[in-house]
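Below is one structure, written out as structure tokens, with a few remarks after it.
FYI, side chains are in, hydrogens and waters are out, and symmetry mates aren't considered; it's all heavy atoms of this structure.
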Amino acid sequence: AAAAAAFERPLSSGAWDIAGASHAPEFPVSKPMHKLSALAQCTGAARYTDDLPRKSATLHAALALAREIGVIGTIDTTAAKQAEGVVDVFTASDLSAAGLKLS
């Protein structure tokens, strides 16, 4: 049996009705509100990305980001491309050349 009773909530309109709130600037912080995902999370029924079964042909990606601290002249991706399991390596220059706007 579920630990909590199911509840229904109408689709949100994106507007807040704060009429009758004791302190409007704090609404809804000062009021208990049901979260749509709470029942699944509390009962362990919620599924997360890590819960998905792993497939042998799944391609994963990793990002390496840097803040604007200096100027990088070139990046040698030769060793990274030769590493076991690596399909490809992309740099900002590659993405820019492919038409992706990076700014």
Side-chain angles (χ1 to χ4, degrees):
F7 61 91
E8 291 197 26
R9 178 175 164 183
L11 183 64
S12 175
S13 65
W16 292 91
D17 179 11
I18 59 172
S22 59
H23 191 244
E26 292 181 1
F27 188 83
V29 175
S30 60
K31 304 291 180 205
M33 297 183 75
H34 289 289
K35 297 201 63 113
L36 294 177
S37 59
L39 180 61
Q41 291 171 342
C42 289
T43 61
R47 292 190 62 192
Y48 298 93
T49 307
D50 201 42
D51 296 329
L52 298 175
R54 298 187 190 274
K55 307 275 184 182
S56 62
T58 301
L59 182 63
H60 298 273
L63 298 176
L65 305 173
R67 295 193 172 115
E68 295 180 33
I69 297 173
V71 176
I72 299 173
T74 60
I75 298 175
D76 184 356
T77 59
T78 307
K81 288 182 178 183
Q82 293 173 351
E84 183 182 346
V86 172
V87 175
D88 209 341
V89 176
F90 301 99
T91 64
S93 297
D94 299 322
L95 300 176
S96 212
L100 182 66
K101 188 175 181 175
L102 300 173
S103 55

Please round to the nearest 0.5 Å and tell me the distance separating atom CD of Q82 and atom OG1 of T77. 9.5 Å
Atom of D51, atom of A46 and distance for their closest heavy-atom approach: OD2-O, 3.8 Å
Closest heavy-atom pair and its distance - D88, K81: OD1-CE, 3.7 Å
What closest approach, in Å, do V89 and D94 show between heavy atoms, and which atom pair accounts for it? O-OD2, 3.8 Å
Can you hop from F90 to L100 via hydrophobic side chains spaced under 4.5 Å? yes
Heavy atoms from other residues, nucleotides or ligands near CG of L52 exceed 12 (cutoff 6.0 Å): yes
Within this structure, what is the CD-CZ distance for the pair Q41 and R47, rounded to the nearest 0.5 Å? 14.5 Å
